[in-house]
Amino acid sequence: MSGKAKDILQMDLYGLLGIESTATTKEIKKAYRQKALTCHPDKNPDNPKAVELFHQLSQALEVLTDAAAKAAYDKICAAKKRAEERNRKLDDKRKKIKLDLESRERQAEGQSQEEVQITRTLEEEIARLREEGSRQLEEEQKLIREQIQREREAQQQQQQQTGGYAQRSNSNVTPKLKLKWKCKKEDETNGGYSEDILFRLLQKYGDVLNVIVSSKKKGSAVVEFGTVRAAELAVKNESGLSENPLKISWLEGQPEPLVGRSLTGLTQGALTNERDYESVVMMRMRQAAERQRLIEQMQRDDDEDGSRS
């Protein structure tokens, strides 16, 4: 018996695919595709167990989608079930006494001849498949390769979208800037700045999630942006009101600079695409909790500034 035939005889091909022996060819292919995608060698280059499982799944598909090979395999499975059923029917007494030696030898000889013939048939069918190649297996593996390629292209496209313009900071916090301007304590206009005015000044650079003007200290605010890019643009380009300029600095989320990267010359279309993409991501954040955290940060900053003054 060839090594390949012996290996197949030791496997439960139906159990391997998670299907019944009455499964149709369509169901067999579907089960193979689902399982083989998870353990394909391209997805698991460093996992020998996954590679071995993929090989076994391919053997199962190869045999079960070929009518002659499947028939030979099913006959062997049926013979094994009959033998198991006979053993189950033997009670303890008959097992101890044992059957008549001559009867057992005849029975064993008959079973051996049956199993040898069926096994030889399966071995012949497997040899034929190896020579001819399984068309079904080739088609399914081609589909799997195409699926993996599509997944890779989608992943690369997503990486390009998130890495092309939106540069992430080293932490998971959203980018935040601290704004300062001149303002006298008795100035009720707060130097000409309010939350609405700051929002209008900054929103042209991208999504502004929160604007919090300090209620304790005049001339101070914190702004949270939806993207690092928007915050970078605001730091570099925004000067505020001409009669009372803004001083803008990073509070959280400042990225590491990229070599050769320039913020100038960006088109409005590029900024719009970036805002669209990042808006979808940032909508998932818990903005209410983040706003509360910013307020607490402002209060801590004000307390520290008050203690120093």
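Every value quoted in this text rests on a predicted model; they were computed, and no experiment measured them. All residue numbers refer to positions in the sequence shown, counting from 1.
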Sub-3.5 Å donor-acceptor pair from the side chain of [X] to the main-chain atoms of [Y], do we have one?
X	Y	result
D207	F225	no
K247	P245	no
K35	L57	no
N44	A50	no

Check whether the side chains of Q147 and E151 place a donor and an acceptor atom closer than 3.5 Å, and report yes or no.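 Indeed, the side chains of Q147 and E151 share at least one donor-acceptor pair under 3.5 Å.
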Should L241 and L202 be counted in the same cluster of Ile, Leu, Val, Met, Phe, Trp and Tyr side chains packed under 4.5 Å apart?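 Yes, L241 and L202 fall within the same hydrophobic cluster.
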Going by side-chain contact (heavy atoms from CB on, under 4.5 Å), name the residues that satisfy it together with [X], two or more places apart in sequence or in a different chain.
X	value
R33	K29, E140, L143, I144
V235	L177, I248, W250
D12	Y14, Y73

Heavy atoms only: give me the nearest [X]-[Y] pair and the separation to one decimal.
X	Y	result
K184	K218	O-CG, 4.1 Å
G191	C183	N-SG, 3.4 Å
R200	Q203	O-CG, 3.8 Å
D66	A69	OD2-N, 3.0 Å
E195	V213	CG-CG2, 3.5 Å
A31	I19	CB-CG2, 3.6 Å

Pairs flagged by ring-ring contact (aromatic ring centres under 6.0 Å, His included) wherever residues 173-196 is involved - sequence neighbours left out: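 As it turns out, the ring-ring contact (aromatic ring centres under 6.0 Å, His included) pairs with a partner in residues 173-196, which skip direct neighbours, are W181-Y193.
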Does atom NZ of K30 have more than 12 heavy-atom neighbours, drawn from other residues, nucleotides or ligands, at distances under 6.0 Å?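 Not more than 12 within 6.0 Å, no.
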So with a 6.0 Å cut-off around CD of E146, is the heavy-atom count from everything else above 12?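 Yes, the 6.0 Å shell around CD holds more than 12 heavy atoms from other groups.
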Flag side-chain contact, heavy atom, 4.5 Å: [X] against [Y]:
X	Y	answer
Y32	E62	no
L198	L246	yes
P41	H55	no
L61	I28	yes

From [X] [atom1] over to [Y] [atom2], what is the distance, rounded to the nearest 0.5 angstrom?
X	Y	atom1	atom2	value
E232	T227	CD	OG1	8.5 Å
L16	L64	CG	CG	9.5 Å
S239	L201	OG	CG	8.5 Å
K43	C39	NZ	SG	10.0 Å
L179	S214	CG	OG	12.0 Å
K75	K80	NZ	NZ	16.0 Å

Start with the C-alpha gap between Q149 and E153, add the side-chain angles, then the distance that decides, and say whether side chain to side chain donor-acceptor pair (under 3.5 Å) holds. CA-CA 6 Å; Q149 182 62 30; E153 291 174 354; 3.2 Å; yes
Results of salt bridge (charged side-chain N to carboxylate O under 4.0 Å, His left out) for K70 - residues two or more places apart only: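 K70 satisfies salt bridge (charged side-chain N to carboxylate O under 4.0 Å, His left out) with D74 once adjacent residues are dropped.
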Taking ring-ring contact (aromatic ring centres under 6.0 Å, His included) as the definition, give me every residue that meets it alongside F54, ordered by chain and number, with sequence neighbours left out.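 Here the qualifying residues are H40.
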Does the side-chain contact (heavy atoms from CB on, under 4.5 Å) test come out yes or no for K204 and E238, once each step is laid out? CA-CA 10 Å; K204 59 180 174 286; E238 186 54 49; 2.9 Å; yes
